[in-house]
Structures are given as C-alpha cells and as structure tokens.
Student: 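Below you will find the structure I want to go over with you.
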Amino acid sequence: MSTKPTQDFEEAYKLLVKGLTQLDFKDSDVPSELALVGDAFPLAINSQGQVLMAASTYGLGRIVVLGHESCLSEFPSLVENAVNWLRGDGSANLSVAVHQNIKAAADELCQYKFTVKVVGGFRSDLGVGVYVTDAYSVAADQKSLVTFMKSGGGILIGGQAWHWSAKNPGVEPLLNFDGNKVSGVAGIYFTEKFSEMETLSISPEVPYSWMSLKPARDFNDDLNFLLKGVKELDVGSPSTFSEILPHGSLAFPIGTTEDGRPFLAGAYYGLGRVLVISHEGCLSNQNLSTFWSNAIRWLDQGRNGVVGVVEKRAVPVLSKSGFTCEYTDFRKDLSVYMGMAYSGAHAKEIQDFVAEGGGLVIGGHAWYWSYGGENVMTEFPGNKILNKMGLSLLGDTIDGGIYKVPESSQAIVDNYHFRHMLSQFAGHVLEEKALSQHQTESFQKLSSHCANFLQMRAYGCSSYMQVLLALYDIIVKAGVPQVSESNPVKSPKDRLLLFMGSEMYKAFPDPDVLLPHLIKDIPTLPVVNSQRIKINVDTAGGFEWISTGLYLSPGMKTNLTLPAAIVNKGWKIQIGCQTDYLSHQQLIRAQSVHLRVPITSEKMQVQNLWGGLIYLLAPSQTRVTGVEMVVQQAVLAPYYKSGVTTADDWSQRRAAPSPWAELEFDNIILTVPSKAVRDLEQVDELAQVWNNIMKTVAELAATPLKFPRKERIVIDVQISHGWMHAGYPIMGQTSTAYLITNTTKIAGGMWGPIYGLGHNQRRSCWEFPPHTTECTCNLWSVYVHEELLGIKRTEAHSNLTSERRKARMKKYVADGRKLSDWSVWTALETYLQVRHLPDLPPPDHKA
C-alpha cells in the first residue's frame with residue numbers, strides 16, 4: 001500500500017492510459033454513464049459528453065471505476081495500467097485480489113507480473129495492494145473496502161446501474177446501488193443512464209467535454225422531500241444573506257430569490273448529503289421548523305442518529321424534528337452535524353464524515369468577511385469545507401425576507417443552475433444551439449458566477465479544469481469583441497464574452513496563450529528598465545494610491561522587487577487607473593479593466609490583460625519612509641509632481657509613450673489621457689491654479705490646507721454613472737480631461753469637478769438624508785466660483801439664475817412645503833440663505 005499522498009490527476013491519467021490509442025465500445029456491453037464530484041477525473045468520455053471510465057483518490061488510496069464489468073476483461077492493457085497505478089507510488093506489493101464473479105479478469109492479470117488471488121469477498125487480512133471487483137458484489141464489504149482505500153489500498157471496480165434501476169423503479173441509484181456505496185466515497189457514481197456505443201480515441205490530456213458540464217440529475221425528488229409542507233421560506237428581515245453558488249454536478253439550489261439567486265442549497269458528496277443556509281440565524285428560526293424537520297430526515301438517511309448542533313439556540317427548534325439534538329462541536333459519531341461557516345476547524349474530518357455517509361449543515365454568510373479584501377472562494381473558512389462539495393458562499397448579498405416556494409420543484413432548478421446555464425451557453429457558441437429568452441436574460445448572472453468560480457484557482461481539481469477548458473473553447477471559438485468607442489458592445493452575448501475573456505485571463509494557467517484571442521491589436525511601446533520608485537508614505541487620511549509614473553501595455557509582464565517593510569502588511573499592486581465597474585447595456589470599454597494583487601513576496605511578477613498605470617496601494621494608518629521598489633520593465637508615462645519635476649524634465653516627460661498621464665499637485669492628482677497634456681507647456685501655472693482651488697475647498701470645509709490624502713480625479717471613456725461621480729478617485733468622462741488641464745477653461749468655470757470634490761468633503765452631521773445627498777456638495781461649487789474664480793453663482797450654473805431660484809421657491813411654498821420636495825436645488829436654497837443674498841429679494845410668502 002502507498003503511504004504517500006496521491007499524485008496530480010494529470011500525471012495519473014497519463015499512467016492510466018499509457019500505451020493506449022483507442023477504446024472500442026462498439027461491440028461491448030452497454031456501460032453506465034458515470035457522474036463525478038470532488039477529486040474524481042474522467043478517463044474516457046464519448047461524443048455525447050458521457051463519462052464511461054473514471055479514477056479518483058480517497059485518503060491515501062485510489063480507485064478506478066469502469067462503466068461495465070465487461071471492461072475488466074475487454075481492455076486488458078487498461079486494466080494492467082490501472083492495477084499498477086492503484087498499487088501506489090513505489091509499492092513493492094504485487095498481490096492483487098480478484099472477486100470470483102469476474103474470474104476472467106484474474107486470468108488476464110495472471111499474464112502480467114501480479115500475484116493474483118481469486119476470493120469470494122474482501123477481507124482486511126488478504127495482504128493485497130489492489131482489490132478488483134464488480135459493482136454488484138461489494139454490499140457486504142462496503143465499510144471494510146472504504147477503510148482499505150482510505151489507508152492506501154487500490155480498488156478497481158466495474159459495473160453498470162441502468163439495468164439495476166430498471167428493476168428497482170423509484171429507488172435512487174446514487175446512494176442505493178451497491179457499487180456506489182464504495183465508489184461514491186471517492187466521488188464517482190454509477191448512474192441509471194446508459195451510454196452511447198462508439199470507438200473512443202485516447203487523448204494525450206485528460207479528456208473533457210462541455211456536454212459533461214450539465215448537472216448529473218434533476219433533483220426533483222430531493223426538492224419534493226425537502227420542501228414538503230413548505231409554502232414559503234421566511235428567512236427574516238433585516239438579516240443580510242450571502243448568495244450561494246452551487247457549482248458541482250450534484251449540487252442544487254433549494255431556496256432562491258425571485259430572480260433565482262440561492263440563499264439555501266444542497267448537494268450530494270460521497271455517500272452523504274450537505275445543506276448550506278447563508279445566515280446562521282436561520283438555524284434557530286422557528287418559521288423554518290417544517291423545513292428543518294424535512295432537512296434532518298434527508299440528511300440522516302434513515303439512521304435515526306444524533307444531530308450535533310454548534311449553535312445552542314438552535315437546539316430547541318431542531319429538536320421539533322423528533323431527532324435527538326445535542327449542543328456539541330463536531331464528532332465523528334454523529335449522524336448529522338450542523339456547524340458554522342466561520343470556522344475551518346476539522347475541515348478534512350468533516351469532508352470525510354460526509355463522504356462516508358454523514359449529513360452536514362453549514363450556516364453563515366461570507367459578505368462581511370469579504371470586506372477584508374481576501375479571496376472569498378479560497379480563504380473564507382466555510383468555503384475550505386464546501387468548495388470540494390460543489391457549493392460556495394459568495395461575497396454577494398441577498399436581503400432577508402419571505403420567499404415563496406414555486407409550486408413545481410423543477411421550476412427551482414430550471415430558474416437557474418450554473419452548470420446547466422454554462423453548458424447551454426457552450427452549446428450556443430460551439431454548436432450554434434438556440435437559446436431561449438430566459439436563458440439570455442441569465443447571462444449577467446452567469447458572468448458573475450464564472451468570475452467567482454474562476455477565483456477558486458483549483459488547478460489540481462478536474463471538475464474545475466473541465467469548466468476552465470470549456471470557457472477556453474468558448475473564447476477561442478467565439479472570440480472576444482474588440483470593444484472601443486467606435487465598436488461598442490451591445491448584445492448580452494458579446495457582453496458575456498467580453499467579461500469571460502477578462503476573467504479567464506486572470507485565471508488561466510498560461511494567459512499568454514489566451515492573449516491573441518482577447519486583444520487583436522496591441523501597440524508596441526518603448527520600455528525602460530530597472531526603474532526605482534521611492535516610497536515615503538503616511539496614510540493618516542486612509543488607504544492611498546501611490547503613483548509610479550510607469551505603465552504596462554496590455555498583457556505585458558514585469559517583475560517587481562519590493563521592500564520587506566511592505567510585504568504581507570496589507571499593501572497591494574494595482575495595474576490600471578480606471579476602477580469603475582460598468583454594468584451598462586452598451587459598453588465602450590470592458591466591464592472591469594484594473595487589477596489588484598496583494599503584496600506577499602519581495603519578488604513578484606504582475607500583468608494585466610488591459611494594461612494600465614502601475615500603483616502601490618498603501619493601507620490606512622501606515623507610515624513607511626526611505627525604501628524603494630524596483631520595476632524591472634515598464635513604459636514611461638507623462639508624469640509631473642509638484643516640487644520634484646522641473647520645467648525641463650516636463651518638457652521631455654510629457655512626450656512619454658504611455659497613453660495615460662498623471663499630474664500630481666499639492667493636494668490633488670489628475671489622471672488623464674496623455675493626449676490631453678502633450679501640448680501642456682506651462683504645467684507650473686496649472687499646478688498653481690489647482691493648489692488655489694484645493695486651498696479654497698479646504699477653507700469651506702474648515703479643514704487643514706494640507707489634505708491628509710491627496711484627492712484624485714481619473715478620466716475614463718465610460719464611468720459607472722453620471723458625467724462625473726465622487727469617490728477615491730473622482731471619476732469623469734473623457735471630455736473633462738480638456739477642462740481640468742486647461743487654465744483658461746478653468747477660469748471660465750468648472751462646476752462638475754468642484755461638485756465632485758464637494759461630495760468628498762461632506763460630513764454626515766451636516767446632512768438630512770436622503771434630501772441633501774446631491775445638495776450640499778454644490779456649496780463648494782458656489783464658493784470656489786465666487787471666492788476664487790470671481791464668477792457669480794447666477795453665472796456659474798443655469799439652475800442658480802435669479803429667475804429659476806424665485807420660481808423654485810414659489811413652487812415649493814405653493815405645493816405645501818413638503819419635505820419630500822426638499823432636495824437638490826430646493827434644499828441648496830436653504831443653505832444659501834444662511835449667507836446674505838443681495839442679488840435675490842426675499843420670497844413673497846403670500847404667494
């Protein structure tokens with residue numbers, strides 16, 4: 001027996017098919033289609049996407065499953081390879097036990113180097129490294145075979161379940177067919193579906209088919225059982241839930257919002273079952289008592305065992321199910337364990353507990369945890385247990401409330417299922433299969449779920465790689481729209497392809513292979529080497545972007561040498577200045593074009609599909625001085641910094657080849673397309689204008705003239721909303737670039753940029769939400785125009801002419817002075833009246 005961890009599934013596959021070129025099933029007995037979860041990987045897939053042979057690992061051991069017992073004698077070379085792999089790495093044990101019902105396989109194995117024993121059943125004292133059996137002779141040996149495999153033994157099993165299912169109508173084969181009681185532990189299941197017969201070519205790589213992405217069953221029986229007597233799921237308000245992503249072939253939604261986002265989901269895993277509810281408060285929710293009674297019975301599978309509950313308040317509610325419920329942490333002797341998503345303790349033990357037949361409930365949400373900025377899919381404790389089971393908690397939120405249960409259980413799955421929708425989209429792209437209107441409307445959801453799924457980065461898991469390869473084929477076949485102002489992306493399909501391409505580039509093991517399919521025309525720009533960036537930071541004003549004056553072209557890689565003082569301290573590298581996420585119906589750039597990477601090492605390599613300016617992101621309340629970052633290769637950007645860049649330096653630097661430029665003044669940084677500054681000669685004059693503007697902004701805010709964090713304005717071809725919007729950074733449309741970089745135009749007035757700066761200066765104690773949200777920020781526009789630019793308010797904005805102000809006040813009074821009408825310009829009037837208004841007579845209160 002092997003005592004070493006099992007090797008990577010790709011290397012295992014090569015050993016299992018060594019020397020084989022094809023498998024001829026045309027004249028064979030009809031095999032069962034196999035369903036795979038967890039660590040299982042296919043060995044043979046037919047043209048319909050049906051898995052006919054598969055392999056997996058469990059504990060220290062291994063298993064190979066063939067879709068019919070006749071394969072054990074019809075494919076001797078495969079069987080030889082299988083036995084060699086099942087023996088484990090470096091094992092000297094050549095003893096193989098073969099069940100007497102398949103003696104023909106024993107005769108074949110005797111021709112090789114193995115010592116073969118024909119036996120009437122498995123015994124732990126056989127002293128063999130591999131046990132070969134059919135799927136019909138393992139019921140009595142189930143537990144001992146699982147123990148044998150878990151401790152390092154190998155099992156080769158062949159059989160089919162479609163004939164058994166025909167003789168046992170209404171009995172679910174997934175957990176009741178004898179063979180599945182052994183193979184299912186390792187994530188391979190014989191199904192009731194029989195396979196198409198054909199000759200299969202052996203692929204040099206692990207085979208895959210987009211058609212095998214679909215869910216392995218319809219789950220109607222499960223949903224009918226779980227929701228019996230349940231008309232609605234009252235999951236409480238104002239609780240906030242996480243969305244759940246059921247992504248495994250045996251995972252399914254149970255409770256969903258009206259638009260199909262799950263907050264309650266289930267799955268089969270091994271011989272056990274799993275439920276996830278995305279708020280732990282639901283474990284003790286009296287309104288869900290009927291559901292929990294059904295759920296515990298579904299999870300317990302008739303054992304009538306003890307239910308262990310980690311939430312003490314839930315015990316009285318769950319005890320109404322009639323089961324013995326105990327307040328306890330995880331124990332192996334439980335029938336069902338109900339735990340929390342916030343602890344990853346006992347993760348491997350819990351996975352084994354379920355694989356060997358236990359029931360599991362996980363309660364909790366991931367959205368609050370996600371605020372820390374780490375990868376929810378890989379780092380959230382609950383997902384370290386659940387991902388392998390085909391379920392994941394997301395950072396996306398769902399509001400609590402009362403959700404109706406559809407009359408038809410099929411409607412729950414039909415509404416939306418990640419694997420089903422992905423296989424439908426793959427068929428649409430790869431084989432031009434038509435999609436319904438409902439399926440097209442699900443594209444936005446599919447794009448979000450693809451992004452979440454890809455973040456698992458589970459390259460050692462076959463089920464993850466099967467999805468990754470399907471997405472790769474979709475992108476290569478369909479291509480990614482070359483989005484631009486002259487070539488806007490409008491259709492749901494093209495928006496989905498554009499998003500998929502961007503997310504795939506982040507996740508694909510070799511992104512350079514994808515690049516030609518994603519961006520067709522990448523300009524070649526001159527580069528500079530070994531650029532040193534000095535880091536002097538005091539982030540008392542909050543987390544901060546630190547400009548480097550360097551740019552990466554789309555797909556361009558660079559190596560960074562980073563100071564130890566910022567490694568694993570919450571710092572990040574950001575590539576790209578345009579951080580808005582777009583959800584527009586018509587796109588003129590991709591939905592998301594920036595990249596953020598945590599700094600976890602002194603040596604890092606970074607690249608971004610869309611390229612962009614390079615930044616360091618310093619966490620709040622951080623002080624670092626006198627250290628340097630070295631950027632091995634990059635493109636120079638037009639970059640000016642007050643007090644550092646001289647006039648001579650700027651005369652050369654404004655011609656730098658990057659398409660993006662930055663102007664860093666005393667209290668603000670402007671990021672604009674480089675063409676907006678190519679002809680900017682008197683940058684010092686512009687710096688003085690902006691220094692005066694920011695001083696005036698600070699005066700009205702009654703804050704120190706030196707901002708604790710410099711404001712930023714970033715220009716983009718398309719932003720998330722409006723012409724400009726506040727934030728860090730303030731975002732503006734392209735036309736704004738030529739306003740904020742031109743002293744003459746600024747002198748003529750610029751309401752919008754000052755409005756955005758005013759938004760960032762607002763204080764909650766001044767506000768009467770929601771009435772003043774878009775009101776008080778205009779005070780800065782009025783003040784800067786009047787006090788600095790010398791422009792009267794009546795000329796600064798068309799809504800502040802005397803005529804409009806009078807009309808607005810009269811209308812407000814005439815309409816009954818309702819608070820609901822007191823917003824934006826009407827509310828601004830109240831604030832303006834605090835000052836003497838010689839240009840406006842008092843309103844006629846008699847009107």
Side-chain angles (χ1 to χ4, degrees), residues 215 217-246 251-267 273-300 307 309 311 313-323 325 336 338 340-341 359-367 382 386 391-394 396-418 420-421 438 441-442 445 449:
R217 54 183 272 122
D218 61 20
F219 306 108
N220 281 332
D221 292 342
D222 303 290
L223 290 166
N224 287 331
F225 189 101
L226 287 163
L227 298 174
K228 183 178 181 181
V230 179
K231 304 244 180 239
E232 61 186 24
L233 292 166
D234 184 351
V235 292
S237 182
S239 298
T240 302
F241 290 67
S242 278
E243 184 177 352
I244 301 169
L245 175 59
F252 58 99
I254 300 170
T256 70
T257 60
E258 289 81 0
D259 60 349
R261 294 183 299 137
F263 54 85
L264 174 61
R273 298 170 175 179
V274 188
L275 286 177
V276 181
I277 183 80
S278 60
H279 197 291
E280 68 279 8
C282 288
L283 297 178
S284 55
N285 187 339
Q286 297 275 359
N287 298 323
L288 297 176
S289 58
T290 299
F291 170 77
W292 285 126
S293 292
N294 296 340
I296 292 174
R297 284 177 171 77
W298 185 76
L299 294 161
D300 175 74
V307 178
V309 187
E311 171 57 72
R313 292 173 298 177
V315 173
V317 175
L318 299 171
S319 294
K320 293 179 181 179
S321 64
F323 282 80
C325 297
V336 177
M338 307 185 81
M340 296 285 199
L360 174 67
V361 176
I362 294 287
H365 56 77
W367 58 264
L386 293 168
L391 296 163
S392 298
L393 286 158
L394 307 181
D396 303 306
T397 60
I398 290 174
D399 290 334
I402 300 174
Y403 292 98
K404 298 293 183 182
V405 173
E407 292 183 10
S408 166
S409 58
Q410 185 62 45
I412 297 175
V413 178
D414 285 348
N415 192 6
Y416 179 84
H417 190 289
F418 171 64
H420 178 69
M421 188 61 237
H438 173 70
E441 290 170 353
S442 296
K445 203 182 309 178
H449 288 166

Student: Does the pair Trp367 and Asp396 meet the rule for a side chain to side chain contact (heavy atoms under 4.5 Å, CB included), with working shown?
Tutor: CA-CA 6 Å; Trp367 58 264; Asp396 303 306; over 6 Å; no
Student: So Thr240 and His365, do their side chains get closer than 4.5 Å, heavy atoms only?
Tutor: no
Student: His449 versus Glu243: any side-chain heavy-atom pair under 4.5 Å?
Tutor: yes
Student: Could you tell me whether the side chain of Phe219 reaches within less than 4.5 Å of the side chain of Ile254, counting heavy atoms only?
Tutor: no
Student: Rounded to the nearest 0.5 Å, how far does CG of Leu391 lie from CD1 of Ile244?
Tutor: 7.0 Å
Student: In the structure I gave you, are the side-chain heavy atoms of Arg297 and Phe225 within less than 4.5 Å of one another anywhere?
Tutor: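 Answer yes - side chains close enough.
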Student: Counting only N and O atoms by type, is there a donor-acceptor contact under 3.5 Å from the side chain of Asn224 to the main-chain atoms of Asn220?
Tutor: yes
Student: Heavy atoms only: give me the nearest Cys325-Val315 pair and the separation to one decimal.
Tutor: O-CG1, 3.7 Å
Student: Examine distances only and state if a side-chain atom of Trp292 and a backbone atom of Ser284 form a donor-acceptor pair shorter than 3.5 Å.
Tutor: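 Looks like no, no N/O pair under 3.5 Å.
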Student: Evaluate the criterion side chain to side chain contact (heavy atoms under 4.5 Å, CB included) for residue pair Phe291 and Leu264; output intermediate values, then yes/no.
Tutor: CA-CA 11 Å; Phe291 170 77; Leu264 174 61; 3.5 Å; yes
Student: Could you tell me if the side chain of Met338 sits less than 4.5 Å from the side chain of Leu299, heavy atoms only?
Tutor: no
Student: Does a side-chain heavy-atom distance below 4.5 Å link Phe263 with Ser278?
Tutor: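 They are in side-chain contact.
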Student: For Ala341 and Leu393, which heavy atoms make the closest approach, and how far apart are they?
Tutor: CB-CD1, 3.7 Å
Student: Keeping the roles fixed (side chain from Arg261, backbone from Ile398), state whether a donor-acceptor pair exists under 3.5 Å.
Tutor: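 Such a contact is absent between Arg261 side chain and Ile398 backbone.
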Student: Which distance, rounded to the nearest 0.5 Å, do you find between the CH2 of Trp298 and the CG of Leu275?
Tutor: 5.0 Å
Student: Can you see which heavy atom on Ser293 is nearest to which on Ser321, and at what distance?
Tutor: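 Residues Ser293 and Ser321, closest heavy atoms: OG-CA, 3.4 Å.
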Student: Distance from Thr257 atom OG1 to Leu233 atom CG, nearest 0.5 Å?
Tutor: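 Thr257 OG1 to Leu233 CG: 12.0 Å, rounded to 0.5 Å.
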Student: How many angstroms lie between atom CG of Asn294 and atom CG of Leu223, to the nearest 0.5 angstrom?
Tutor: 11.5 Å
Student: Quick one: OG on Ser239 to NE2 on His279, what's the gap to the nearest 0.5 Å?
Tutor: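 Output value for this atom pair is 4.0 Å.
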Student: Using a 4.5 Å cut-off on heavy atoms from C-beta on, say whether the side chain of Phe252 contacts that of Leu226.
Tutor: yes
Student: May I ask you to decide whether Asp259 forms a salt bridge with Lys445, counting only side-chain N to carboxylate O separations under 4.0 Å?
Tutor: no
Student: Answer yes or no: is there a side-chain heavy-atom contact under 4.5 Å between Asn285 and Val317?
Tutor: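 Result no, sub-4.5 Å side-chain heavy-atom pair not found.
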Student: Would you give the length of the straight line joining atom CG of Asp234 to atom NZ of Lys404, rounded to the nearest 0.5 angstrom?
Tutor: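 One finds 10.0 Å between CG of Asp234 and NZ of Lys404.
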Student: Do you know which two heavy atoms are closest between His417 and Ala251, and how far apart they sit?
Tutor: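 In terms of heavy atoms, the two residues are closest at NE2-O, 2.7 Å.
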Student: With a 3.5 Å distance limit and no angle check, can you tell me whether Ser242 reaches the backbone of Ala366 through a side-chain donor-acceptor pair?
Tutor: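 Judged by distance alone, yes, a pair lies under 3.5 Å.
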